[in-house]
Amino acid sequence: MTADSSKNERYNAREAETRWQKAWDAQGIFATKNDDPRPKYYVLEMFPYPSGRIHMGHVRNYTMGDVVARFKRAMGHAVLHPMGWDAFGLPAENAAIAGGIHPATWTAENIATMRGQLQQMGFAYDWSREIATCHPEYYKHEQKMFLDFLAAGLAYRKESWVNWDPVENTVLANEQVIDGRGWRSNALVEKRLLSQWFLRITAYSDELLAALRTLDRWPERVRLMQENWIGRSEGARVFFAVGGGDPIEVFTTRPDTLYGASFIALSPHHPLAEELAKNDAKLAEFVAECDRMGTSEAAIEAAEKFGYRTAVEAIHPLDPSRRVPVYVANFVLMEYGTGALFGCPAHDQRDLDFARKYGLPVIPVVLPPGADPASFAVGDTAYVDDGTAFNSGFLNGLSVADAKRAVGERLEATGKGQRAIAYRLRDWGVSRQRYWGCPIPVIHCPDCGIVAVPEEDLPVELPKDVSFDKPGNPLDHHPTWKHVACPYCNSPARRETDTFDTFFESSWYFLRFCSARSPVAFDRKAAEYWMPVDQYIGGVEHAVLHLLYSRFFTRALSQCGYLQLDEPFAGLFTQGMVIHQTYQNAAGDWLFPEEVTEAGDRLVDEKGAAVTTGRLEKMSKSKKNVVGLERIVETYGADTARLYLLSDSPPERDLEWTETGIEGIWRYVNRVWRMASEPAAALPAASSPMPKDLSPALTALRGVFHKTIAAVTDDLDRFRFNRAVARIREMTNALEDLPAADPGAGAVLREGLETTALLLGPMMPHLAEELWQALGHGEWIAEAKWPVADPELARDDQVTIAVQVNGKLRATLDLPRDSESGAVQKAALGLPQISRLLDGKTPKKIVVVPNRIVNLVA
RNA sequence: GCGGACGUGGCGAAACGGUAGACGCAGCAGACUUAAAAUCUGCUCUCGGUAACGAGGUGCCGGUUCGAGUCCGGCCGUCCGCACCA
């Protein structure tokens with residue numbers, strides 16, 4: 001091999017990466033002990049559903065987590081960085097239906113494949129804590145939790161209108177319905193009346209809302225989304241008496257407009273409406289029609305508001321001489337407030353529309369500032385802003401806020417109502433009519449009713465011998481599984497065949513990791529030691545799903561005595577998606593990138609037909625814009641992929657995957673590798689002292705190293721990975737200009753290469769080990785201390801000061817650091833181009849910002 | 001409709017209120033090669049100029065400031081969340 005050809009030698013990433021992965025594994029260096037004296041740091045990435053293969057979105061997520069984990073290790077923390085599998089879910093069942101493979105087998109195979117892929121990426125996980133939620137050793141603990149919730153009143157069974165996904169053939173929680181469609185199936189969701197298990201998340205509405213303020217290391221956006229989801233509204237509950245029966249209780253946020261009430265509207269499923277319908281065939285028909293209309297959320301949105309006037313009239317709580325008609329209306333939700341409302345058409349647009357349609361009176365009771373009470377009238381637009389109460393008896397003259405208070409007091413004094421708070425948040429429906437989930441541990445006994453499975457009978461294991469040839473829940477079709485004897489009276493009873501929503505498993509897995517092999521759900525001491533998670537990383541799509549459920553679950557477990565903790569995730573980072581160009585042919589079919597070629601200035605497919613580029617989309621199989629991880633790792637290595645995913649965009653933003661982008665990183669990897677394997681100057685032995693009296697160029701170079709250390713440390717602390725990469729590359733560029741002939745160049749080069757290896761370590765761990773070894777270090781760089789910047793070296797002696805005239809840049813000055821303000825002024829005024837611009841005049845004002853700028857105001 | 005985020009080169013992006021465009025991608029020119037690949041060097045916001053340099057420039061309009069991509073007000077646009085919530 002000639003000297004020249006060796007210059008073109010490439011870093012053999014595949015060989016080196018496999019070698020280091022084996023070595024780390026053999027030493028078990030990433031296993032975490034629960035009794036480590038160093039300060040703890042728990043970093044966690046949202047664990048994946050084992051769908052088949054790891055995709056780039058996963059890799060981006062886990063790379064960020066790995067950078068944090070390795071960085072914190074180097075900073076001297078005991079780091080817990082576990083990985084597991086969110087292993088229950090419908091795709092496994094679908095695979096069983098389609099391919100005749102058992103969900104357990106399908107899941108296990110996927111886990112094996114994906115674990116291999118993660119190991120190939122070199123993530124520093126403690127694999128000894130790996131969990132899969134579909135194992136009875138995992139899910140038996142949540143069956144126990146459910147029984148505890150049941151005993152504590154946090155779980156209950158209720159017949160209610162639920163979201164039915166006609167594709168998944170199961171119920172969905174409110175959080176799992178996006179724009180009226182199932183979050184996974186994208187099918188239009190229908191309303192069905194079913195008996196379901198619920199968790200009482202609403203018991204914590206106020207606490208979950210209030211504690212958002214304490215989550216100061218969460219993105220503002222996520223906190224806001226949860227705040228809106230919980231949807232707290234202050235108002236009052238008001239009783240409207242009706243002749244004979246129970247009064248109608250309504251909820252309102254505008255008790256100040258009570259004198260403007262001109263009707264009451266009940267939900268079609270309000271008890272009074274159902275009662276009246278028994279003796280009113282037309283009303284019964286109306287309710288039935290509402291149900292027909294209301295089968296899908298989308299239909300509700302499109303539906304016109306209409307109501308049915310009942311024979312009932314209600315007595316106004318503040319003026320018993322007044323009567324208001326009672327309607328049943330299709331737009332009133334039984335699930336919000338009390339399922340009944342009073343309409344004040346003058347000050348609510350929807351009520352106004354309703355009143356106009358049915359010819360009801362519009363009584364203005366809030367006078368806009370400056371309006372004339374004698375002539376003020378409401379036309380087509382309700383007046384919803386602040387003003388002064390009028391036409392309102394004892395409220396007249398009060399502001400909206402004062403009137404609300406006064407009404408509240410009056411209602412409470414007279415027993416006609418009380419101030420109240422309503423939440424948008426509903427209880428979490430956890431029943432799913434599916435097989436591949438955790439069985440709900442209850443038994444339906446014809447004599448004893450619903451009884452809990454005794455603790456000693458846990459776990460209730462899923463039967464393995466199920467068939468998927470019929471639609472619906474295989475557990476329901478199983479010949480024997482559901483038939484059991486009642487544990488109390490021993491008479492023939494039936495097991496619950498619903499399973500838990502899979503968000504049940506992910507609501508506590510972070511606790512299980514603290515003591516993954518514990519015979520109980522988690523060891524309390526271990527959980528209280530590791531929790532809360534210091535840094536959690538995942539997609540923003542879980543803002544009101546997993547992240548809200550987990551916050552609730554942690555509180556519920558605390559209430560049941562499992563541990564003492566409110567918030568599971570102290571720090572949260574939501575990373576952007578990995579997106580990729582999409583291609584479509586004239587027929588609208590998606591094409592793989594490799595099916596598209598350039599022909600002149602246009603794109604064509606393999607048959608030469610025109611291809612259009614679509615928008616950048618999240619990588620997905622259906623759009624054919626996925627990039628296979630195997631090919632990338634085989635071609636460029638895991639480190640190259642990792643650095644690319646960190647470098648090209650800020651982590652919270654979407655990242656566009658491009659082949660040229662990853663090639664650029666691959667070139668960089670080889671440059672760094674060559675710098676170490678063919679050093680430009682002879683390197684002294686490791687840990688030999690830095691020579692004194694270096695040339696100014698070498699001293700300046702050392703300054704770059706130490707400035708980079710400081711900047712990268714700060715950037716990694718603040719999740720600014722793209723900037724950190726840019727800073728390291730700047731340092732590499734500077735190092736390539738090493739004055740190799742200067743005395744001491746070898747020592748400075750060694751310092752530069754060591755700094756490069758240490759700073760790259762969290763991002764490109766294999767290359768870093770390779771460099772570290774090439775530099776003659778025997779120990780792991782994975783266990784090396786993070787470098788500390790020497791402030792003396794990091795400080796420049798010379799600074800460049802911008803010289804402005806009237807705020808415009810006109811020149812720059814190189815001056816010693818911390819020069820006196822007078823000297824800076826003098827130097828600036830002495831510049832020929834400046835004196836030319838000033839034309840002999842003295843500036844009116846001179847602003848000097850030390851070491852930065854001087855502005856001459858003429 | 002309500003709430004929020006964001007608008008900077010051909011592209012991804014940098015920039016404690018202080019030299020806009022660091023770092024990279026793409027492109028152009030050159031070196032090395034019989035040639036290509038790989039590698040290396042230089043250029044690359046716009047306009048004028050061979051150049052030194054000058055003028056303009058961070059969606060639009062205004063304001064605060066010695067100084068605004070950054071702060072404030074109002075528009076326009078894009079994206080996201082919620083949406084008959086009483």
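Reminder, nothing fancy here: chain letters follow the sequence lines and each chain counts from 1.
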Rounding to the closest angstrom, what is the interatomic distance between [N] and [M] at atom [atom1]?
N     : M     : atom1 : value
B:C60 : B:U41 : P     : 38 Å
B:C2  : B:G9  : C1'   : 37 Å
B:A83 : B:C47 : P     : 50 Å
B:A31 : B:C79 : P     : 48 Å
B:U58 : B:A51 : C1'   : 29 Å
B:G30 : B:C80 : P     : 46 Å
B:G3  : B:G10 : C1'   : 36 Å
B:A52 : B:U70 : P     : 30 Å

Contact class for [X] (heavy atom, under 4.0 Å): base, sugar-phosphate, or nothing?
X      : result
A:T812 : base
A:V544 : nothing
A:V857 : sugar-phosphate
A:S233 : sugar-phosphate
A:K844 : nothing
A:R720 : sugar-phosphate
A:N733 : sugar-phosphate
A:N722 : sugar-phosphate
A:G231 : nothing

Looking at [Y] and [X], is there a salt bridge between them, counting it only when a charged N and a carboxylate O are closer than 4.0 Å?
X      : Y      : answer
A:D714 : A:R718 : yes
A:R817 : A:D796 : no
A:D206 : A:R232 : yes

Does [N] pair with anything, Watson-Crick or G-U wobble, both distances under 3.5 Å, and if so, with which nucleotide?
N     : answer
B:C79 : B:G4
B:U39 : B:A31
B:U70 : none
B:C16 : none
B:G57 : none
B:G24 : B:C11

Are the side chains of [X] and [Y] in touch, meaning some heavy atoms are under 4.5 Å apart?
X      : Y      : answer
A:R237 : A:L411 : no
A:L212 : A:L215 : yes
A:V725 : A:Y668 : no

To the nearest Å, give me how far apart [atom1] ([X]) and [atom2] ([N]) are.
X      : N     : atom1 : atom2 : answer
A:N228 : B:C2  : CG    : P     : 14 Å
A:R424 : B:C82 : CZ    : P     : 8 Å
A:E730 : B:C23 : CD    : P     : 5 Å
A:L760 : B:C23 : CG    : P     : 17 Å
A:I178 : B:G81 : CD1   : C1'   : 10 Å
A:Q833 : B:C53 : CD    : C1'   : 11 Å
A:Q804 : B:U19 : CD    : P     : 8 Å
A:R727 : B:G24 : CZ    : C1'   : 15 Å

Under 4.0 Å: is that the gap between some side-chain N or O of [X] and OP1 or OP2 of [N]?
X      : N     : result
A:R350 : B:C85 : yes
A:R729 : B:A22 : no
A:K808 : B:G56 : yes

Practice problem: Would you mind telling me which of B:G24, B:G81, B:G67 lies closest to the side-chain atoms of A:R671? | Solution: B:G24
Quiz item: Among B:A20, B:A86, B:G54, which nucleotide sits nearest the side chain of A:L333?
Solution: B:A86
Exercise. Indicate, with yes or no, if the rings of A:Y327 and A:F354 have centres closer together than 6.0 Å.
Key: yes
Practice problem: Go through the N and O atoms of the side chain of A:R426 and the base of B:C85, and report whether any donor-acceptor pair is under 3.5 Å. | Solution: yes
Quiz item: Does the base of B:C84 carry an N or O that pairs as donor and acceptor with the side chain of A:K305 under 3.5 Å?
Solution: yes
Quiz item: Atom CE in A:M731, atom CG in A:L759: separation rounded to 0.5 Å?
Solution: 5.0 Å
